[in-house]
Undergrad: 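Sending over a structure as structure tokens; questions will come in a sec.
In each ligand, atom 1 is the first atom listed, and ligand 1 is the first ligand listed. Both backbone and side-chain heavy atoms feed into the values below; hydrogens, waters and symmetry mates do not.
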Amino acid sequence: LLQMKLIRQITDLNKAIKNFRKIGFVPTMGGLHKGHESLINTSKKKSSKTLVSIFVNPKQFNNFKDYKNYPRKLDNDLKILKKLKVDFVFIPTIKQIYNDNKLSEFKLLKSHKVLCAKYRKGHFEGVLDIINRFIILISPKYIFLGEKDFQQLYLIKKFFEKKYSTKIFSCKTIRNRNKVALSSRNFLLNRDDLKKAGFISQQLIELKSQINKNKDKANYLIKKIKRNLINKYDIKIEYLEARNLTNLGTNIIKKKYKIFIAFYINKVRLIDNF
Ligand code: PAF
């Protein structure tokens, strides 16, 4: 029986994967949950080998406290990865990854600087930088990412689908039974917060169906629900916006669109889209 291989050094990574041409890659920052499990299972179906990375990437955090508090659950993560029979787990140190000290070469267009890019300065530049480094190190055939982080997925596709032959797969958001999108950050919430998050999701699902019936009223409906959510659940909403999926612009009338939200419950920042 083949065992899961734990890799910490780039030299060992090169040795381990050099004979494989069809690697499916699932980048993570650990704190694994059923959303990650679904990405990994999809990778296992499509690829000959699956490689999962666990790396809390300091460059993509615009706030040091957020970086420090990010959930770290390595023992549990490894248990999950073994259960799923992942082939390779790559857990590099910061030094291994950023040895060359080169600065990120990725600049967002002005039109990209909406939603999370507007509120988390440097975040996506950090994400693009690390994904670029991983693609160079691993040359994966596929990368699997969740739709919960829609703007991340959108930008990774935009920047890398032409640059590399790697194909980016988007995978459906996995939700708990109260409709809360699974996220590592949910580990930072208590039960009441999680319940609140559930109510908020359910209201946004309802909002989407109302907007579907009358797109002209989107702005009005969003304003109304925003007020309600703030009053009822004592949350801070960073943004709540409808945007189209073609260019993330605000024109949704004849286009596919989603409702995007970022909000704080008890200092924990959550994002979702519907
Ligand atoms: O979505 C995440 O967990 C991270 O942004 C990613 C893609 C692993 C890059 O660090």
Undergrad: Using the salt bridge (charged side-chain N to carboxylate O under 4.0 Å, His left out) rule, collect all pairs that involve residues 214-223, keeping only residues at least two apart or in two chains.
TA: none
Undergrad: For atom OH of Y220, decide whether the heavy atoms of other residues, nucleotides or ligands shown that lie under 6.0 angstrom number more than 12.
TA: no
Undergrad: Ignoring hydrogens, what is the shortest heavy-atom contact between F159 and K163? Give both atom names and the distance.
TA: O-CB, 3.6 Å
Undergrad: Output all residues satisfying side chain to side chain donor-acceptor pair (under 3.5 Å) with S201, sequence neighbours left out; order by chain, then residue number.
TA: none
Undergrad: Could I get the full list of side chain to side chain donor-acceptor pair (under 3.5 Å) partners for E125, not counting sequence neighbours?
TA: none
Undergrad: Are there any protein N or O atoms under 3.5 Å from the N or O atoms of ligand 1? List them with distances, or say none.
TA:
from     : atom 1 : to   : atom 2 : distance (Å)
ligand 1 : 1 (O)  : Q152 : NE2    : 2.9
ligand 1 : 5 (O)  : Q60  : NE2    : 2.9
ligand 1 : 5 (O)  : Q152 : OE1    : 2.7
ligand 1 : 10 (O) : Q60  : OE1    : 2.6

Undergrad: Honestly, is K73 close enough over F187, meaning NZ or CZ under 6.0 Å from the six-membered ring centre and within 45° of the axis?
TA: yes
